[in-house]
Amino acid sequence: MNFPADIKGCMKDCILSLFWPRKEIVGFFENLDHLRQLQEIRDSKIKSDRERRVFQDAVRQQPTASLEQLRSEYLDLLANKTSRQQRGYALERILAELSRLETTEAFRVNGEQVDGAVKFDGEHYLIEAKWQERSASNEPVYQFAGKVAGKLYGRGLFISVNGFSPEVIHSLVIGKEIQTLFVDGEDLILVLEGHLTMRDMIDRKVKAAQTRGLIYAHPISGSEKKI
């Protein structure tokens with residue numbers, strides 16, 4: 001059966017009105033416009049947050065003390081011109097100045113005391129800093145390694161100004177997953193003298209661990225440190 005064009009148009013409008021009333025069609029497009037506005041607001045907020053983080057990172061990376069000042073302070077500490085407790089606090093401040101990375105202050109978790117953490121290339125490293133009269137004893141290193149192992153994708157930096165014993169180095173590598181890297185006073189001097197940045201030093205130690213299985217490597221040569 002054939003119907004005139006105007007009748008067909010009326011029939012089409014009637015059928016469409018059964019399934020989707022005109023006011024709902026108008027409401028649909030109004031909702032689309034509202035969603036578009038919300039998307040624009042969200043995109044603007046994301047852009048603003050990103051710019052704020054970039055600015056905060058730039059501010060954080062600006063040192064408040066020069067390398068010369070930090071080096072002088074560090075050498076004074078080496079000369080035992082301050083008490084042991086003062087040296088510990090001073091070392092933490094020097095490390096914070098040198099790193100210029102996103103850091104987490106000291107905290108306790110499940111009864112464990114952690115000196116802090118630093119974020120490097122998207123990974124968070126727990127930090128333990130020791131300034132003792134002799135090489136770091138095995139027990140503190142083992143305790144720290146246990147803290148690191150108990151964390152998701154745990155990684156750690158154990159800093160001992162006076163170095164490490166050969167026993168603790170070998171015991172943390174043989175038959176175990178490498179999670180803790182060692183930093184000593186010589187490494188810090190290289191940074192304080194401007195031979196490389198703290199970021200460079202960490203990056204090279206990570207490379208030595210990932211490519212050669214070394215947790216106590218010289219940051220410039222990449223070779224294992226002789227004890």
Side-chain angles (χ1 to χ4, degrees), residues 57 60-61 63 67 70-71 74-75 77-78 88 91-104 112 114-132 134-227:
D57 288 342
R60 185 169 54 245
Q61 291 173 8
L67 273 182
L70 293 174
R71 182 170 62 252
Y74 183 73
L75 293 176
L77 296 174
L78 287 176
L91 177 61
E92 291 178 7
R93 191 186 71 79
I94 290 173
L95 291 173
E97 286 285 344
L98 288 176
S99 69
R100 313 316 305 171
L101 299 169
E102 180 182 330
T103 58
T104 302
E112 295 178 343
V114 179
D115 284 355
V118 61
K119 186 177 182 180
F120 176 75
D121 281 355
E123 298 286 349
H124 293 272
Y125 290 75
L126 298 185
I127 292 179
E128 184 86 7
K130 294 290 184 183
W131 194 314
Q132 301 180 156
R134 53 186 173 82
S135 296
S137 62
N138 294 358
E139 185 176 351
V141 177
Y142 292 145
Q143 290 176 348
F144 178 70
K147 297 174 186 178
V148 174
K151 308 299 184 293
L152 177 65
Y153 304 123
R155 292 191 177 190
L157 289 173
F158 197 104
I159 303 170
S160 175
V161 172
N162 293 318
F164 304 87
S165 69
E167 294 80 10
V168 72
I169 296 173
H170 297 151
S171 64
L172 288 187
V173 175
I174 298 175
K176 298 182 179 67
E177 179 182 356
I178 293 178
Q179 295 176 295
T180 299
L181 304 179
F182 288 163
V183 177
D184 63 17
E186 179 190 19
D187 300 326
L188 297 181
I189 283 291
L190 289 173
V191 176
L192 289 166
E193 290 183 346
H195 296 290
L196 69 171
T197 66
M198 190 75 167
R199 178 182 289 274
D200 291 335
M201 189 261 285
I202 296 175
D203 183 64
R204 295 183 184 196
K205 284 184 176 286
V206 170
K207 178 181 178 180
Q210 292 181 336
T211 60
R212 304 181 61 187
L214 303 178
I215 65 173
Y216 192 32
H218 194 284
I220 293 182
S221 68
S223 60
E224 184 174 18
K225 287 203 172 189
K226 304 300 181 182
I227 302 174

For [X] against [Y], the heavy-atom pair lying closest together:
| X | Y | value |
| --- | --- | --- |
| A129 | L95 | CB-CD1, 4.1 Å |
| F144 | T180 | CE2-CG2, 3.8 Å |
| V206 | R155 | CG1-NH1, 4.5 Å |
| G163 | S160 | O-OG, 2.8 Å |

Legend entry - Those residues that, when tested against K205, pass salt bridge (charged side-chain N to carboxylate O under 4.0 Å, His left out) (two or more places apart):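 For K205 the salt bridge (charged side-chain N to carboxylate O under 4.0 Å, His left out) partners, ignoring immediate neighbours, are D187.
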Inset, instruction - Please list, chain by chain and in numerical order, all residues satisfying salt bridge (charged side-chain N to carboxylate O under 4.0 Å, His left out) with E186, sequence neighbours excluded. - result: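 Expected list: K225.
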Just wondering, do [Y] and [X] contact through their side chains at under 4.5 Å, heavy atoms?
| X | Y | answer |
| --- | --- | --- |
| V191 | L70 | no |
| F120 | D203 | yes |
| F158 | V168 | no |
| L188 | L91 | yes |
| P140 | E128 | no |
| K119 | H124 | yes |
| L196 | R204 | yes |
| L77 | I94 | yes |

Legend entry - Any pair counted as ring pair (Phe, Tyr, Trp, His ring centres under 6.0 Å), so long as it reaches residues 197-227, sequence neighbours left out: F164-Y216
Legend entry - Separation of L157 CG from M198 CE (nearest 0.5 Å):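 M198 atom CE to L157 atom CG measures 7.0 Å (nearest 0.5 Å).
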Legend entry - Interatomic spacing from CD1 in I215 to NE2 in H170 - rounded to 0.5 Å: 9.0 Å
Inset, instruction - Start with the C-alpha distance between L98 and L192, add both sets of side-chain angles, then the distance that settles side-chain contact (heavy atoms from CB on, under 4.5 Å), and finish with yes or no. - result: CA-CA 8 Å; L98 288 176; L192 289 166; 3.8 Å; yes
State which residues pass side chain to side chain donor-acceptor pair (under 3.5 Å) with [X]; sequence neighbours excluded, sorted by chain then number.
| X | answer |
| --- | --- |
| R71 | none |
| D200 | T197 |
| H195 | E193 |
| T211 | none |

Inset, instruction - Look only at the side chain of R212 and the backbone of A217, and say whether a donor-acceptor pair between them is shorter than 3.5 Å. - result: no
Legend entry - Counterpart residues, ring-ring contact (aromatic ring centres under 6.0 Å, His included), relative to Y74 (two or more places apart): W131
Legend entry - Residue of the set V141, L181, I178 for which side-chain contact (heavy atoms from CB on, under 4.5 Å) holds with L172: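 It is V141; the other options fail the test.
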